[in-house]
S.K.: 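Sharing a structure below in structure tokens format, with a few things to ask.
Note: hydrogens, waters and symmetry copies are ignored here, and every other heavy atom, side chains too, is used.
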Amino acid sequence: MNIVFHGKNAQTFFSDFAPLLEGDHAIKLLPDALESAEDISCYTSADIVVGVKYDSSLPALTKTKLFHVPGAGYDGLDFSLLPNKTIVCNCFGHEQAIIEYVMSALLLRHVPITDADERLRKGDWKYWAGGASGLRTELSSESIGIIGYGHIGKELANRAHAFGMDVSIANRSRVEASSHIKQSYALDDLSSMLKDVDIVVNTLPLSENTEGFIGQKEFKDMKKSAVFVNVGRGRVVDEKALFDALNESRIASAIIDTWYVYPAESDSNPLPASLPFHELDNVIMTPHMSGWTHGTVKRRQLTMARNINKLAKGEGDLVNIVSA
């Protein structure tokens with residue numbers, strides 16, 4: 001089968017990918033901008049496309065059987081333009097990495113390891129056990145509310161419970177309370193959860209129903225001492241509402257990994273929002289890095305290879321089908 005890895009994002013998954021495939025395949029790496037006749041012909045006639053974008057700015061695909069997104073988000077695809085019967089699949093495998101990111105960021109608020117190290121190198125024993133000046137707080141003293149109970153939400157609930165936190169969930173369908181979930185809410189009752197928890201974590205993907213879902217009202221419902229964490233999509237959260245809530249100290253702080261502005265050919269190093277989040281001292285800003293590990297790449301490669309092998313052999317049972 002003719003397989004195309006389209007664009008820089010997709011090509012990060014190419015190294016060591018071919019040995020995972022069964023049978024003979026022709027694999028071509030294509031740039032984001034398809035300009036040469038050869039590249040356009042290769043793209044339009046591909047049986048399988050690995051990529052994150054497909055819209056009217058690209059040449060029309062004519063025979064694609066499988067469009068495989070190498071990540072979880074597929075908001076860059078215009079499904080109406082795909083050939084009939086094209087299967088669209090995505091990948092997960094980033095849960096472990098994202099959970100480690102979230103728990104690390106939250107733990108650093110309670111365990112001042114870096115500060116303790118810097119102080120002790122200067123002979124400052126501030127955090128020595130037995131002294132009142134070094135007493136610190138514990139993550140287990142805080143409750144966490146997770147918006148969305150998909151791949152990320154489920155794993156985060158498990159880890160937060162393991163750290164002794166009270167865990168609440170807000171999800172489209174109500175999740176049954178269990179040994180590690182104290183309280184469950186429907187998304188249309190999100191306000192009730194926000195008023196009750198210390199830490200709010202958004203894990204929702206971007207869709208027509210979730211864009212701007214967390215806005216001014218939701219930040220007003222949160223505790224003034226609340227910490228907001230976004231590892232879902234940036235635009236699930238209204239940019240101005242988030243900025244105002246932080247700038248006006250309506251919530252205590254935020255940890256933001258997903259944004260509103262991303263690098264492009266016209267600007268490879270932009271600030272991540274139209275508003276000056278970088279001027280605020282109550283937000284930790286990271287460049288959409290939470291799920292990006294060697295483990296994530298490998299797990300996604302295995303998912304894509306499995307689906308391609310199944311398709312090539314005429315077998316069904318593809319995983320992570322978004323549309324068929």
Side-chain angles (χ1 to χ4, degrees), residues 94-120 125-171 175 177-185 190 192-204 214 218-219 221-232 237 242 245-246 249-258 280-286 289-293 295:
H94 56 327
E95 302 90 333
Q96 172 72 23
I98 292 178
I99 301 321
E100 289 184 3
Y101 168 95
V102 172
M103 299 309 294
S104 295
L106 295 178
L107 282 166
L108 284 174
R109 298 170 50 250
H110 298 275
V111 189
I113 291 177
T114 300
D115 187 49
D117 172 78
E118 292 177 354
R119 288 176 180 274
L120 191 56
W125 288 70
K126 175 181 178 178
Y127 296 102
W128 187 20
S133 65
L135 285 169
R136 58 181 176 83
T137 54
E138 297 175 352
L139 182 59
S140 61
S141 68
E142 295 185 303
S143 57
I144 187 170
I146 303 168
I147 305 174
Y149 199 60
H151 290 77
I152 300 170
K154 290 174 182 176
E155 288 301 317
L156 180 55
N158 291 336
R159 303 298 176 84
H161 173 72
F163 273 88
M165 304 179 76
D166 284 338
V167 180
S168 294
I169 301 293
N171 194 50
V175 178
S178 65
S179 61
H180 62 282
I181 297 176
K182 177 184 178 183
Q183 188 68 43
S184 171
Y185 303 83
L190 178 60
S192 296
M193 185 186 82
L194 297 179
K195 293 174 181 177
D196 192 48
V197 297
D198 301 308
I199 297 165
V200 179
V201 183
N202 172 55
T203 72
L204 292 176
I214 301 171
E218 285 67 36
F219 287 112
D221 288 336
M222 295 180 198
K223 295 179 179 181
K224 191 176 179 64
S225 58
V227 178
F228 178 70
V229 184
N230 194 7
V231 289
V237 184
L242 173 58
L246 291 165
S249 297
R250 283 190 262 126
I251 62 172
S253 62
I255 300 161
I256 308 299
D257 187 52
T258 53
L280 302 176
D281 61 6
N282 59 345
V283 58
I284 293 175
M285 303 169 57
T286 58
M289 60 178 277
S290 59
W292 198 234
T293 65

S.K.: Any sub-3.5 Å donor-acceptor pair from Lys224's side-chain atoms to Ser249's backbone N or O?
M.R.: yes
S.K.: Would you compute the distance between atom CG of Leu156 and atom NE2 of His151 and round it to the nearest 0.5 angstrom?
M.R.: 14.5 Å
S.K.: Leu246 vs Phe228, test: side-chain contact (heavy atoms from CB on, under 4.5 Å). Steps then yes/no.
M.R.: CA-CA 10 Å; Leu246 291 165; Phe228 178 70; over 6 Å; no
S.K.: Could you go step by step and tell me if Tyr101 and Thr286 meet the side-chain contact (heavy atoms from CB on, under 4.5 Å) rule?
M.R.: CA-CA 10 Å; Tyr101 168 95; Thr286 58; 2.6 Å; yes
S.K.: Between Ala157 and Ile169, what is the shortest heavy-atom contact and its length?
M.R.: CB-CD1, 4.2 Å
S.K.: So Asp166 and Ile144, side-chain contact (heavy atoms from CB on, under 4.5 Å) or not? Walk me through it.
M.R.: CA-CA 6 Å; Asp166 284 338; Ile144 187 170; over 6 Å; no
S.K.: Side chain of Asp221, backbone of Lys195: donor and acceptor closer than 3.5 Å?
M.R.: no
S.K.: Using only atom types and a distance under 3.5 Å, with no angle test, would you say the side chain of Thr293 pairs donor to acceptor with the backbone of Ala97?
M.R.: no
S.K.: What's the shortest heavy-atom distance between Arg136 and Pro112, and which atoms?
M.R.: CD-CD, 3.7 Å
S.K.: To the nearest 0.5 Å, how far apart are CD1 in Ile113 and CG in Leu108?
M.R.: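 Here the interatomic distance stands at 7.0 Å.
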S.K.: From the options Ile98, Leu204, Asn202, select the one residue that forms a side chain to side chain contact (heavy atoms under 4.5 Å, CB included) with Ile152.
M.R.: Ile98
S.K.: Donor-acceptor pair, Asp257 side chain versus Ser290 backbone, under 3.5 Å?
M.R.: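 Yes; at least one donor-acceptor contact below 3.5 Å.
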S.K.: Apply side-chain contact (heavy atoms from CB on, under 4.5 Å) to the pair Ile214 and Phe219, showing each step before the final yes or no.
M.R.: CA-CA 8 Å; Ile214 301 171; Phe219 287 112; 4.0 Å; yes
S.K.: With the side chain counted from C-beta on, respond yes when Met103 and Leu139 share a heavy-atom pair under 4.5 Å apart, and no when they do not.
M.R.: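 The answer is yes; the side chains approach within 4.5 Å.
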S.K.: In the structure I gave you, are the side-chain heavy atoms of Tyr185 and Ser192 within less than 4.5 Å of one another anywhere?
M.R.: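 Yes, at least one pair of side-chain atoms sits under 4.5 Å.
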S.K.: Rounded to the nearest 0.5 Å, how far does CE of Met222 lie from CG of Leu194?
M.R.: 5.0 Å
S.K.: Just wondering, do Val231 and Thr258 contact through their side chains at under 4.5 Å, heavy atoms?
M.R.: no
S.K.: Measuring from Ile199:CD1 to Arg109:CZ, what's the distance to the nearest 0.5 Å?
M.R.: 5.0 Å
S.K.: Can you tell whether the side chains of Lys154 and Glu95 come within less than 4.0 Å, N to carboxylate O?
M.R.: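 Looking at Lys154 and Glu95, the cut-off is not met.
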S.K.: So how far is it from Ile181 CD1 to His161 NE2, rounded to the nearest 0.5 Å?
M.R.: 10.0 Å
S.K.: Among Val237, Leu190, Val201, Thr203, which one satisfies side chain to side chain contact (heavy atoms under 4.5 Å, CB included) with Ile147?
M.R.: Leu190
S.K.: For residues Leu107 and Phe163, determine if any side-chain heavy atom of one lies less than 4.5 Å from a side-chain heavy atom of the other.
M.R.: yes
S.K.: Are Val229 and Ile256 close enough that some pair of their side-chain heavy atoms sits under 4.5 Å apart?
M.R.: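 No, their side chains stay 4.5 Å or more apart.
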S.K.: Check for a donor-acceptor pair, side chain of Ser168 on one end and backbone N or O of Gly145 on the other, with a separation under 3.5 Å.
M.R.: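 Looks like no, no N/O pair under 3.5 Å.
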S.K.: Return yes when atom NZ of Lys223 has more than 12 non-hydrogen atoms of other residues, nucleotides or ligands closer than 6.0 Å, and no otherwise.
M.R.: yes
S.K.: If you look at every heavy atom in Arg159 and Gln96, which pair is closest and at what distance?
M.R.: NH2-OE1, 2.7 Å
S.K.: As an exercise, state the distance from NZ of Lys182 to OG of Ser143, rounded to the nearest 0.5 Å.
M.R.: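 So the gap between those two atoms works out to 7.0 Å.
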S.K.: Identify the heavy atoms of Val167 and Ala160 that sit nearest to each other, and give their distance.
M.R.: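 Looks like CG2-CB, 3.9 Å.
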